[in-house]
Amino acid sequence: VGIVRKNTCCKIISIFFLSICCFGVILAAILIPVSIKKVDYTEYAIRYDDLTNEVDDEEYGEGRYIFTPQTELFVYDNIIQKMTLTLDCLTKDGIVMGIDVTMQYFIPQRNLYKIWNDYGTEGNLDKYVKLIATDSIRDSVGLFTSSSFYLERYEIQNQIERDLFE
């Protein structure tokens, strides 16, 4: 009777530990793939942990990273961005001039956390850059007369560049 009870007890304990191990393997099989985040070679990322509601101030470059399953990555392009604007602007003499401006900008990785703090996601940054560029271009065009667009195009271009980068 004692041997049967001992064998039954050992079987129950081994089944218990086997079920715990199976549960652990299943849990790991689910959580590990969810925890791996990829940052593409054309991207930078900032980490936001939804569990603690905190943003990590480290900028992540290309690669694969393991975070908590609740982690969200805010991704920004690390390649040169091109923006084309078509605007109607008033000249100094009150004439409406149509103007097309193409500009390029780049986000340095070292400034990524500050950019995230100031503007949020990349979509918000793009809206802000467009707003500032539109305002600067219209201010620059307002300094010149309509005839200047034919006679002093280079000077107008330089003024737009100066105003954009101030």
Side-chain angles (χ1 to χ4, degrees), residues 12-90 96-144 154 156-166:
I12 291 174
I13 291 173
S14 62
I15 289 173
F16 175 74
F17 282 120
L18 184 63
S19 61
I20 293 282
C21 288
C22 287
F23 178 73
V25 168
I26 291 171
L27 192 61
I30 292 171
L31 291 179
I32 289 175
V34 172
S35 299
I36 296 174
K37 307 291 183 190
K38 180 183 177 198
V39 179
D40 201 20
Y41 71 96
T42 61
E43 300 172 334
Y44 300 134
I46 290 284
R47 176 183 175 221
Y48 172 74
D49 193 340
D50 201 23
L51 183 65
T52 60
N53 291 329
E54 292 181 0
V55 176
D56 188 5
D57 62 352
E58 182 179 349
E59 296 94 4
Y60 295 93
E62 170 188 1
R64 294 185 189 271
Y65 302 93
I66 296 179
F67 301 117
T68 60
Q70 297 87 1
T71 295
E72 182 179 348
L73 292 179
F74 291 106
V75 177
Y76 298 83
D77 287 330
N78 70 1
I79 55 177
I80 295 174
Q81 301 296 307
K82 179 180 173 184
M83 184 178 289
T84 301
L85 301 170
T86 301
L87 305 170
D88 289 327
C89 304
L90 267 172
V96 176
M97 295 290 290
I99 186 167
D100 294 325
V101 176
T102 300
M103 59 181 225
Q104 297 177 338
Y105 65 96
F106 177 75
I107 303 171
Q109 185 175 356
R110 67 181 180 280
N111 296 344
L112 198 58
Y113 182 72
K114 182 179 180 344
I115 288 171
W116 188 89
N117 260 347
D118 293 345
Y119 309 108
T121 62
E122 187 174 24
N124 291 342
L125 176 64
D126 290 343
K127 289 176 190 175
Y128 180 75
V129 169
K130 184 176 181 179
L131 179 71
I132 295 300
T134 301
D135 188 47
S136 296
I137 292 166
R138 285 191 171 132
D139 287 347
S140 299
V141 169
L143 299 174
F144 297 92
Y154 183 73
I156 295 171
Q157 178 181 338
N158 286 341
Q159 182 65 43
I160 290 172
E161 284 182 27
R162 279 192 301 272
D163 286 348
L164 280 174
F165 295 115
E166 285 182 359

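Both backbone and side-chain heavy atoms feed into the values below; hydrogens, waters and symmetry mates do not.
Partners of E72 by side-chain hydrogen bond (donor to acceptor under 3.5 Å, both in side chains), not counting sequence neighbours: none found. In terms of the side-chain contact (heavy atoms from CB on, under 4.5 Å) criterion, residue partners of V55 (sequence neighbours excluded) are, by chain and number, I46, Y48, Y113, W116. Partners of Y60 under the ring-ring contact (aromatic ring centres under 6.0 Å, His included) rule, at least two apart in sequence or in another chain, are Y65, F67. Applying the side-chain hydrogen bond (donor to acceptor under 3.5 Å, both in side chains) criterion to K114, with sequence neighbours excluded, gives D118.
The backbone N or O of Y41 lies less than 3.5 Å from a partner atom in the side chain of N78, making a donor-acceptor pair. Side chain of Q81 to main chain of I79: a donor-acceptor pair is present (N/O by atom type, distance under 3.5 Å, no hydrogens or angles).
Residues T68 and S35 come closest through the heavy atom pair C-OG, 4.2 Å. Between P69 and V34, the closest heavy-atom pair is CB-CG1, 3.8 Å. The shortest non-hydrogen separation linking D88 to R138 is O-NE, 3.3 Å.
From F17, atom CZ reaches atom SG of C22 across 13.5 Å, with rounding to the nearest 0.5 Å. How far CG of D100 is from CD1 of I137: 10.0 Å, rounded to the nearest 0.5 Å. Atom OG1 of T134 and atom CG of L85 lie 4.5 Å apart (nearest 0.5 Å). In this structure, CD1 on I30 lies 11.0 Å from CD1 on I32, to the nearest 0.5 angstrom.
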Please tabulate, one pair per line, all N/O donor-acceptor pairs under 3.5 Å involving side-chain atoms of residues 119-131, not counting sequence neighbours.
unit_1: E122; atom_1: OE2; unit_2: D77; atom_2: N; d: 3.1
unit_1: N124; atom_1: ND2; unit_2: Y119; atom_2: O; d: 3.2
unit_1: D126; atom_1: OD1; unit_2: Y105; atom_2: OH; d: 2.5

Under 3.5 Å donor-acceptor pairs involving side-chain atoms of residues 156-165, not counting sequence neighbours:
unit_1: Q157; atom_1: NE2; unit_2: E161; atom_2: OE2; d: 3.4
unit_1: Q159; atom_1: OE1; unit_2: R162; atom_2: NH2; d: 2.7
unit_1: Q159; atom_1: NE2; unit_2: D163; atom_2: OD1; d: 3.1
unit_1: Q159; atom_1: NE2; unit_2: D163; atom_2: OD2; d: 3.2
unit_1: D163; atom_1: OD2; unit_2: S140; atom_2: OG; d: 2.3

For this session: Dump the intermediate steps for side-chain contact (heavy atoms from CB on, under 4.5 Å) on L90 and V96, then the final yes or no.
Result: CA-CA 5 Å; L90 267 172; V96 176; 4.0 Å; yes
For this session: Decide side-chain contact (heavy atoms from CB on, under 4.5 Å) for Q109 and Y44; before the verdict, give the C-alpha distance in whole Å, the side-chain angles of both, and the deciding distance to 0.1 Å.
Result: CA-CA 7 Å; Q109 185 175 356; Y44 300 134; 3.4 Å; yes
